[in-house]
Amino acid sequence: MSGDHSHNNSQIDSGSRVNDSHKHKEKNKDKEHKHKDHKKDKERENSKYGNSDHKDFSEKHREKEKERIKHKDGSTDRHREKDKRKEIKPKKEKENGFSSPPRIKSEPDNDVYHSPKSLKRERDHDETEFKPKKIKLENDKVDKKAKKRKQDEDIKPKKTQKNKKGEVADGKKKAKKEPEEKWKWWEEERATDGSKWSFLEHKGPVMAAPYELLPSNVRFFYDGKQMKLSPEAEEVATFFAKMLDHEYTTKDTFRKNFFKDWRKEMTSEEKSRITDLKKCNFNEMGEYFKAQSEARKAMTKDDKLKIKVENERLLQEYGFCIMDNHKERIANFRIEPPGLFRGRGDHPKMGMLKRRIRPEDIIINCSKGSKHPKPPPGTKWKEVRHDNKVTWLVSWTENIQGAIKYIMLNPSSRIKGEKDWQKYETARNLKKCVERLRNQYREDWKSKEMRIRQRAVALYFIDKLALRAGNEKEEGESADTVGCCSLRVEHINLYPEKDGQDFVVEFDFLGKDSIRYYNKVPVEKRVFKNLQLFMENKQPEDDLFDRLNTSILNKHLQELMDGLTAKVFRTYNASITLQQQLKELTSPEENLPAKILSYNRANRAVAILCNHQRAQPKTFEKSMQNLQTKIDAKKDQLSDAKRDVKSAKADLKVRRDEKSKKALETKKKAVERLEEQLMKLEVQATDREENKQIALGTSKLNYLDPRISVAWCKKWGIPIEKIYNKTQREKFAWAIDMADDDYEF
DNA sequence: GCTGACACTTAGGACGTCCACT
DNA sequence: AGTGGACGTCCTAAGTGTCAGC
């Protein structure tokens with residue numbers, strides 16, 4: 001069963017980001033329908049009792065069975081809490097993590113600090129095993145000592161490096177050495193006390209550029225008359241003007257939200273005069289920005305270079321931090337600039353003003369003993385804290401959803417890499433027990449308790465279809481999207497028989513980012529019957545799994561396996577599918593491009609499973625046509641070349657001289673070359689066609705154990721660069737270093 | 001048990017850049 | 001030299017999951 005995901009091939013074709021036209025009901029309904037309201041649910045269940053003559057599925061036996069379940073569920077279940085209460089974990093020691101005093105560099109070294117080779121852990125038998133984070137407390141002392149020792153020694157190479165720096169003369173040597181001297185954090189011990197770092201120093205965020213007033217010749221008109229706006233109102237107006245070309249400035253919600261927030265920024269005079277968005281004319285502003293971006297494109301090389309250099313300087317200054325003796329790249333060191341919020345899908349808050357973030361909104365996180373980042377002159381940070389139990393360097397609260405935003409490290413950093421590695425190890429643990437779990441949930445389909453049946457069916461979907469968990473969302477706060485646990489009755493259709501298959505479930509809902517999930521899946525009979533049961537007497541907008549949410553599900557999963565949550569199934573199924581597909585699709589005799597096509601196909605199978613879609617590129621049709629033209633031309637060339645060979649052969653027969661022989665050879669070579677070129681083009685066309693609506697990047701980056709790909713490359717002698725670009729190689733450095741050609745996920 | 005706050009991963013699109021081809 | 005198109009980077013929204021406090 002594992003990895004058998006071929007059934008949902010139909011998914012992508014019909015899917016797309018859904019716009020307003022997609023038939024999803026406005027979710028205006030009262031919260032009473034919401035799952036949380038169990039009272040209501042019970043009422044509904046109870047009312048079902050009286051109604052014994054539903055026509056749909058009337059076998060006596062089934063009725064009885066159903067009643068039994070309902071009774072059970074409605075009454076005693078809730079009181080019978082699990083005996084298997086989770087053991088109380090020993091509380092983490094509160095030590096603030098600064099067990100060893102942070103080492104402060106008076107001046108951050110420009111280079112990575114290298115750990116001495118002697119310190120590196122010997123490769124153990126199973127190199128890929130991940131050292132569990134939690135270790136017994138008794139070990140703590142020993143471990144800390146080891147850590148401290150390591151840190152002490154870590155410092156040494158730094159010194160030698162500095163010496164080296166003095167002798168810049170033989171920089172060649174150094175440059176050559178650089179790649180192999182990359183810090184291999186994966187060969188070192190990991191902190192075990194829950195602390196994420198012991199020393200952290202950074203320069204703080206780069207604030208958004210201040211607003212620049214429009215030149216006076218760029219005018220705004222209200223109701224046909226020119227009007228000079230106050231700076232605050234003008235800035236917000238420019239946000240709208242910059243979007244004039246976008247469809248969403250025509251959307252009601254967008255306009256309404258924008259106008260409401262814009263008015264808040266107006267002076268009282270402006271407010272009283274500007275009362276109707278339709279009467280606002282932003283065209284000159286829009287033109288101005290268009291002209292600006294044209295000008296930017298048309299800049300001289302020199303000017304472009306200047307910008308590049310400036311960006312590089314900013315990156316060098318703010319783009320790195322020092323964490324535990326190593327210089328690490330920061331992922332997003334810029335504060336998000338103000339603008340108009342554009343959520344994805346049918347977002348109720350689209351068009352709202354995303355406020356400018358001031359230093360007073362920003363929390364800085366760094367070591368006590370580090371050089372604290374300075375706020376811009378005349379301002380203060382909201383707070384400077386020293387919390388080494390978290391990984392972020394900077395945070396602020398955004399005004400649209402009230403969510404917290406963070407500045408964190410790059411995926412190539414130790415702190416992200418360890419987490420990533422751990423993720424795949426958890427998924428591999430799942431591999432070891434997935435059959436047991438599958439048997440278990442299949443058993444649970446027959447449970448007497450409704451909640452357990454629901455849990456089991458939901459888990460089946462998560463496993464088989466790689467659905468997301470589906471947390472509850474607050475209504476009206478974001479687009480109406482769902483995952484497995486939050487599926488509603490309206491999101492599935494049941495067909496006892498469809499297209500020659502029995503027990504087909506048709507899914508049609510909006511998932512994350514309002515990407516449509518559409519899939520028709522034959523399921524086991526028991527699942528089908530259960531679904532019928534779950535849907536009985538419910539309204540379309542009622543929850544399918546009214547006795548289930550992600551927290552219940554994850555609690556259950558945690559009991560089945562340490563570290564198991566719903567999303568682990570996605571990781572597991574994605575990775576195992578890649579591994580299987582690679583095995584299946586790669587044939588030894590294929591040449592390099594064909595092998596890479598096979599890899600992409602395996603990758604694609606995963607992307608389809610995970611429903612990773614993208615909008616078809618706007619230029620797709622045209623570029624495809626171009627490619628086809630090329631192919632046709634190549635074919636013509638080829639047939640010409642073949643004809644040449646024939647005549648050369650004939651020539652040779654007649655003349656029988658060296659010259660004709662040579663000529664024939666040349667012609668033959670030409671044919672071979674053309675054939676190869678043609679094949680390359682055809683492979684390219686196939687790949688592109690198959691890929692038009694599918695995004696491979698997401699799964700590659702987030703779901704596929706990189707060691708599988710690395711092993712595949714090593715096994716077939718494929719250069720890793722063909723699979724991973726530079727950024728990806730940096731992110732997966734750990735995997736590239738540790739996986740051998742025989743790695744098994 | 002429920003809720004909200006919080007931390008962190010996963011996601012697609014916009015846009016810039018580079019490179020092969022003409 | 002110009003250009004189409006692939007590729008890479010940046011951006012930030014939208015998920016997942018945990019935990020503390022009631």
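These numbers come from the heavy atoms of this one structure, side chains and all, not from hydrogens, waters or symmetry mates. All chains are named by letter (A, B, ...) in the order of the sequence lines, taking the proteins before the strands, and each is independently numbered beginning at 1. Here the structure is a predicted model, which is why all the values come from computation and not from measurement.
Residue A:Y406 places none of its side-chain N or O atoms closer than 4.0 Å to OP1 or OP2 of B:dC6. Between B:dC15 and A:K297, no contact under 4.0 Å exists linking OP1 or OP2 to a side-chain N or O. Put simply, A:T698 has a side-chain N or O that comes within less than 4.0 Å of OP1 or OP2 on B:dG12. A sub-4.0 Å separation between OP1 or OP2 of C:dG17 and a side-chain N or O of A:N554 is present. Between A:R570 and the phosphate of B:dA11, there is a side-chain N or O to OP1/OP2 separation shorter than 4.0 Å. Side-chain nitrogen and oxygen atoms of A:Q401 include at least one within less than 4.0 Å of the OP1 or OP2 phosphate oxygen of C:dA14. At the phosphate of B:dA11, OP1 or OP2 sits under 4.0 Å from a side-chain N or O atom of A:R468. The side chain of A:R329 places an N or O atom within less than 4.0 Å of a non-bridging phosphate oxygen (OP1 or OP2) of C:dC10. The side chain of A:N725 places an N or O atom within less than 4.0 Å of a non-bridging phosphate oxygen (OP1 or OP2) of C:dG8. For the pair A:H612 and B:dT10, the criterion of a side-chain N or O lying under 4.0 Å from OP1 or OP2 is not met. Within the structure, every side-chain polar atom (N or O) of A:K304 is placed at least 4.0 Å from both OP1 and OP2 of B:dT17. Within the structure, a side-chain polar atom (N or O) of A:K354 is placed less than 4.0 Å from OP1 or OP2 of C:dA13. For B:dT10, the OP1/OP2 oxygens have a side-chain nitrogen or oxygen of A:K423 closer than 4.0 Å. Between B:dT10 and A:K567, a contact under 4.0 Å exists linking OP1 or OP2 to a side-chain N or O.
A:Y599 pairs by the side-chain hydrogen bond (donor to acceptor under 3.5 Å, both in side chains) definition with A:S709, not counting sequence neighbours.
Remark: C1' of B:dA7 and NZ of A:K416 are 9 Å apart, rounded to the nearest angstrom. With rounding to whole Å, A:M408 atom CE is found 18 Å from C:dC10 atom P. Whole-Å rounding puts the A:K389 NZ to B:dC8 C1' distance at 17 Å. Straight-line distance from the NZ atom of A:K349 to the P atom of C:dT12: 18 Å, rounded to whole Å. Atom CZ in A:R342 sits about 12 Å away from atom P in C:dA13, given to the nearest Å. We find that CZ of A:R385 is positioned 7 Å from P of B:dA7, with the value rounded to whole Å. Atom-to-atom, CG of A:D513 to C1' of C:dT16 comes out at 13 Å; the value is rounded to the nearest Å. As rounded to whole Å, 17 Å separates atom P of C:dT16 from atom NZ of A:K555.
Side-chain atoms of A:Q316 and A:E312 form a donor-acceptor pair, as typed in the model, at a separation below 3.5 Å. Counting only N and O atoms by type, the side chains of A:D463 and A:N573 include a donor and acceptor under 3.5 Å apart. At a cut-off of 3.5 Å, with distance as the only test, a side-chain donor of A:N471 or A:T550 sits close to an acceptor on the other residue. A:N603 and A:S699 share a donor-acceptor pair across their side chains, judged by distance under 3.5 Å alone.
Among the heavy atoms of the strands, none lies under 4.0 Å from A:G697. At a threshold of 4.0 angstrom between heavy atoms, the contacts of A:S478 with the nucleic acid are absent. A:S395 comes within 4.0 angstrom of nothing in the nucleic acid, heavy atoms only. Contact annotation for A:A479: no contact, since no heavy-atom pair falls under 4.0 Å across all strands. When heavy atoms are screened at a 4.0 angstrom cut-off, A:G511 is found touching the sugar-phosphate backbone but no base atom. Residue contacts shown for A:P411 are absent, as no nucleic acid heavy atom lies under 4.0 Å away.
The A:R344 side chain lies nearest to C:dA14 when the options are B:dT10, C:dA14, C:dC11. Distances were taken from every side-chain heavy atom of A:K473 (C-beta onward) to each of B:dA11, C:dG15, B:dC8; the shortest belongs to C:dG15. Which of C:dC11, C:dG17, B:dT9 sits closest to the side chain of A:A469 comes down to C:dG17. You'll find that the side chain of A:A566 is closest to C:dG17, out of C:dA14, B:dC8, C:dG17. Nearest nucleotide to the side chain of A:N471, out of C:dT16, B:dT10, B:dG12: C:dT16. Listed nucleotides B:dC8, C:dG8, C:dT18 differ in distance to A:K419; the shortest reach to its side chain belongs to B:dC8.
Between A:R296 and A:T571, the one whose closest nucleotide on DNA chain B sits nearer the 5' end is A:T571. Nucleotides of DNA chain C nearest to A:L315 and A:G483 differ in position, and the one nearer the 5' end is that of A:L315. If A:A695 and A:I415 are placed on DNA chain B by their nearest nucleotide, the residue sitting closer to the 5' end is A:I415. Taking the nucleotide of DNA chain C with the nearest heavy atom to each of A:G563 and A:Y724, the more 5' of the two is matched to A:Y724.
Of the candidates A:K473, A:R468, A:K512, A:T481 forms a side-chain hydrogen bond (donor to acceptor under 3.5 Å, both in side chains) with just one, namely A:K473.
Aromatic ring pairs are classed by plane angle as parallel below 30°, tilted from 30° to 60° and perpendicular above 60°; the pair A:F507 and A:Y517 is perpendicular. Under the 30°/60° scheme for interplanar angles, the aromatic rings of A:F732 and A:Y724 are found to be tilted.
The base of B:dT10 lies close enough to the side chain of A:K512 for a donor and an acceptor atom to sit less than 3.5 Å apart.
Residues A:K196 and A:D324 share a closest heavy-atom pair of O-OD2, 4.4 Å.
Judged by the 6.0 Å distance and 45° axis criteria, A:R342 is positioned over the aromatic ring of A:Y248.
Under the 4.5 Å side-chain criterion, counting only non-hydrogen atoms from C-beta, A:F320 is not in contact with A:H202.
Relative to the axis of its first five pairs, the axis of the last five pairs of the helix from B:dG1-C:dC22 to B:dT22-C:dA1 sits at 10°, rounded to 10 degrees.
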